[in-house]
Every structure is written in C-alpha cells, then in structure tokens.
2 protein chains.
Amino acid sequence: MNWKEKLASNGHRITQAREQMMRLLSQTQVPLSPMQIHSALREQGSKMGLVSVYRNLNLLMDYDLVCMLVAPDGNAGYVAGGTGHHHHILCKVCQSSAIFDECEDFSELISKIEAQTQFVVGDHFLQFYGLCPQCQETYV
Amino acid sequence: MNWKEKLASNGHRITQAREQMMRLLSQTQVPLSPMQIHSALREQGSKMGLVSVYRNLNLLMDYDLVCMLVAPDGNAGYVAGGTGHHHHILCKVCQSSAIFDECEDFSELISKIEAQTQFVVGDHFLQFYGLCPQCQETYV
DNA sequence: CCCTTATTGATAGTATTTTTCAATAAGGAT
DNA sequence: ATCCTTATTGAAAAATACTATCAATAAGGG
Ligand SMILES: [Mn+2]
Ligand SMILES: [Mn+2]
Ligand SMILES: [Zn+2]
Ligand SMILES: [Zn+2]
C-alpha cells in the first residue's frame, strides 16, 4: 500500500500540497526542516503556504509516511519513511541519510533493560550516524 | 570525575546557575524543556535568566553532562546524563525516564547496515519507550 | 457536473531561541 | 583577604519557529 492509498483509505484527500511534499521528501536524502521544505517547493513554483507544510508533516507522521530524524547536533528534520519497521543512518558530514531494515533482534537487550530499570519495554527509537559513500571518498 | 571537575578541568567556572541546573536535572526523572527548567528554578528562588538555561544546556551537552531525550511525540527534553556510554528509557505515560548501561553489542547489526547502505557506521542514538514501575500499577 | 466539506493560504498571534551588551561574580594571582 | 582579569550572567530586543483563525478553494463522492 503506497502513501496515496494509505491516506485515501483513511478518508484523507490526495492534494497538490501532499503530492509535492511527498515527491520532494522522496527525492531528498537529507532531512529537511519545515522551512526548508517550504522554500524548496516555492522555488519549484509551488504556491504552498508554510502552514500547510506543518499540517501535512503532522498528518504524514501520523501515518508513518515520513520520519523525523535527529541530527548529531540535536536538530530535527524530515525524510520519507520506509515501509514497515526500519531505521535511518545519517552522514555526519553531509547529513545524507539512508534507510536500513535489516533490523536487530532486541529481545535479549530488552530483558536486560527490564531487569535493570523495572520498566516494561515497548518500542524504540534508533538512529545511526556515520559516513555516506560519497563523504568516505572525500574524507579518506 | 564528577561534573564540576569535568567543567573546571576544561577552564569553565562552577557557577550558581550551573549548580542549580545540575541539581534540578539530577533530581528529576522527567525530561525538562529549557522553559520548564527555568520555571522550576525560579520557583525555587533562583534569579537565573532563561538565556542562561539555553547557554548552559549547550555547554553541559558538549561535555555529556546532560542528555537530550526525544519523547514519542517528538518533543525534546533534557535530563542529567549517566557516566560513559548509556541510553535512556522513557515512560509513555508519565514521561519518567531511567538510564540503562547494560549496553548492546551492535557489531553484527553494524555489519549488516554497512553492507546494506554502504555507509561507514559510527555511533548511534538509541532510546526505548515503555511503562515505568509506577504507571504499570496504574495501568494494569 | 454538482455538492459537501476537508484542505488550503493568508494573516495574526504565540512560543521558542538567539543576539547584544553592560553588570556581575568566579577563581587565579598577589 | 584583597585585587584583577575575564568568563558568565540577566535584561532587553531581535530573530525564528510554531499555532490558531477564517474565508476561499479544490478534492472526490454522488
Ligand atoms: Mn528497530
Ligand atoms: Mn548503545
Ligand atoms: Zn555524507
Ligand atoms: Zn510512567
């Protein structure tokens, strides 16, 4: 089920603004702030308002169609999300990101955490930082 | 090496503001926003300005004396950090957090990520969400 | 093609974060 | 203890970021 089906099947409309945002975020590996999304789309001729960027980011987040990434400096940005459970890795140099879905088995770790903290563990937020292929060449 | 030694040995001063902030954050399990830190300290009689909260959070983050946590809703807050490599778990209900240092061995996962994404993997940001002991009782 | 209403853009309002700068206090030297 | 240097501070203002309101628009079912 692609993003249009996901939204439509939940009673949401496939609007210009949403198509433009999804297209941009799918094409971009670097996490973009709401402002950056807005600027990029205006430059491409879109008449979208910044307010709609915020509104739609909220909606798209609700349906896991975009993901919020946290840069090493603590700044947040948005990228198109993968399907199903997945995580992202972010280049420390150029901020470019990639998705990985070869996901870990945390059952053992979770047991340790529950023993140590007395919390019941639910889900998690995991993000890696590293060097993208391009920046590996530049910064040998 | 405690936080005072860490700062002092790097040429920073142990100020009222920093002592108040570290004391508050060490006593509190719930991640606090800059504004919340400021309000709490003012209520305790501190004359500290909000600006110093921001400035000192930056400094304390630089020396890993406080950690930024991301709530499930995307909001960020600060808590006192543990020593060495560690992570946090956050209660989905009351936001209370705990530290765990029984840390994972990610070497196998990292190999998979590097194979799949062609990135070179460095460090990571990992945070768990769950139910704290108190909220387990309330929400049986 | 029409009708309903979710969605939008503009505007205004609120909240958060950063910049600037003179006053203060931390801590090494005397 | 007292002095000196300057990192640090608080207040004020500026700049950003986000949210609420509302009339106009366009998405999409009939
Ligand atoms: Mn995972
Ligand atoms: Mn770890
Ligand atoms: Zn890169
Ligand atoms: Zn709780």
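Each chain gets a letter, A, B and so on, in the order the sequences are listed, and its residues count up from 1. Atom set for the values below is all heavy atoms of this structure, side chains included, hydrogens, waters and symmetry mates excluded.
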>> Heavy-atom nearest nucleotide on DNA chain C for B/Ala8 versus B/Met35: which residue maps closer to 5'?
In response: B/Met35
> Taking the nucleotide of DNA chain C with the closest heavy atom to each, which residue, A/Gly11 or B/Leu50, is nearer the 5' end?
Replying inline: A/Gly11
Can you identify which nucleotide, out of [options], has its nearest atom closest to the [X] side chain?
X	options	answer
A/Ser52	C/dA10, C/dT8, C/dT18	C/dT8
A/Arg18	D/dA27, D/dT9, C/dT8	C/dT8
A/His12	C/dT7, D/dA11, C/dT16	C/dT7
B/Pro34	C/dT17, D/dA20, D/dA11	C/dT17
B/Arg13	D/dT9, D/dT6, C/dT11	D/dT6
B/Met48	C/dT18, C/dT8, D/dG10	D/dG10

What is the distance from [atom1] of [X] to [atom2] of [N], rounded to the nearest Å?
X	N	atom1	atom2	answer
B/Ile14	C/dT24	CD1	P	23 Å
A/Asn75	D/dA17	CG	P	9 Å
B/Tyr54	D/dT16	OH	C1'	11 Å
A/Lys4	D/dA27	NZ	P	12 Å
A/Glu19	D/dG28	CD	C1'	13 Å
B/Asp62	D/dA7	CG	C1'	15 Å
B/Met68	C/dT17	CE	P	11 Å
B/Glu5	C/dG27	CD	P	13 Å

>> Do B/Gln44 and B/Leu24 have side chains that approach each other closer than 4.5 Å (heavy atoms only, starting at C-beta)?
In response: yes
>> On the nucleotide D/dT9, are OP1 or OP2 found under 4.0 Å from the side-chain N or O atoms that B/Asn56 carries?
In response: yes
>> Taking 4.0 Å as the cut-off, does a side-chain nitrogen or oxygen of B/Thr15 come that near to OP1 or OP2 on C/dA26?
In response: no
> If you take atom types as modelled and just measure distance, does the side chain of A/Arg55 reach the base of C/dG9 with a donor-acceptor pair under 3.5 Å?
Replying inline: yes
> With the threshold set at 4.0 Å, does a side-chain nitrogen-carboxylate oxygen contact exist between B/Asp64 and B/Lys6?
Replying inline: no
> Using the ring of each side chain (for Trp, its six-membered ring), is A/His12 parallel, tilted or perpendicular to A/Tyr63, with breaks at 30° and 60°?
Replying inline: perpendicular
>> Classify the ring geometry of A/His87 against A/Phe100: parallel below 30°, tilted from 30° to 60°, perpendicular beyond 60°.
In response: tilted
>> With a 6.0 Å cut-off on the ring centroids, do A/Phe106 and B/Phe106 count as close?
In response: yes
